[in-house]
Amino acid sequence: MSADRRHPASLLHASFHNPGFVDLMSKRVSMEMVHYIALQAAQVIMVEDQPSAETPTLPTPPPTPVKPASLDKLAHDAPPPPFRLPSLDSFIVQLILKSNVQVPTLLTTLIYLHRLRAKLPAMAKGMPCTRHRVFLATLIVAAKYLNDSSPKNKHWSAYASLFDLAEVNLMEKQLLFLLDYDLRFDEDEAVKHFAPFIATRQADPASPQEMRVAAV
């Protein structure tokens, strides 16, 4: 068969690759992928529970009356609004849109999330933003491993808008340490983790010549 049937991202003939896997590499990122990756990232580590609205609390005393003040002074003295952590799904979508990440890089995070989960103690617990950190770190190393050119950490910090450059550098180093600096994987491992998005193909009907050969 002709050499031009090689997949552009491979040195091998297309027939050597899983056809569903090859098709997936050219697909567009979908919300189904985002939801699935967020679910897998959430399973890597537990986070501190937020206080429940049903938790009984002591009665709060009424506020002490204060002397009326001008609106300008009240606005100046008012505390800043509390920081609201975006949902993991929203965070992933934000990173995808700002970095223009493609399916191969995005889905590769599933491999590293799985490896990280196997490395961490079962009872490990992090902060509410730990899952966001974990996903961002896996996306950074996946982008650097798979692509000749990828965003720098200062760009990832800007895309994420939650962590400064020092934090991004640290989370990348911590992830690489936990993964033993081994980011390699083969097609079989990728197919295993990408399976929810790989369409199964029915075998092509055998040609009359192949049927005659099989009957001999």
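Counting only N and O atoms by type, the side chains of E187 and H17 include a donor and acceptor under 3.5 Å apart. Residues D164 and S157 bring no donor and acceptor atom of their side chains to less than 3.5 Å of each other. A donor atom on one side chain and an acceptor atom on the other are found under 3.5 Å apart for N153 and K144. Checking S90 against S87 by side-chain atom types alone, a donor-acceptor pair falls below 3.5 Å.
Side chain of Q102 to main chain of R28: no donor-acceptor pair is present (N/O by atom type, distance under 3.5 Å, no hydrogens or angles).
Counting heavy atoms from C-beta on, the side chains of Y112 and F135 never come closer than 4.5 Å. The shortest side-chain heavy-atom distance between R133 and E167 falls under the 4.5 Å cut-off.
Put simply, the residue from L139, I92, T109 that forms a side-chain contact (heavy atoms from CB on, under 4.5 Å) with V101 is L139.
Think of M123 as one node in a network of Ile, Leu, Val, Met, Phe, Trp and Tyr side chains linked at under 4.5 Å; its network also takes in M46.
The shortest heavy-atom contact between P151 and W156 is O-NE1, 3.3 Å.
With rounding to the nearest 0.5 angstrom, the CD1 atom of I198 is 9.5 Å from the CG atom of D23.
E189 and R115 are joined by a salt bridge, as a carboxylate oxygen and a charged side-chain nitrogen come within less than 4.0 angstrom of each other.
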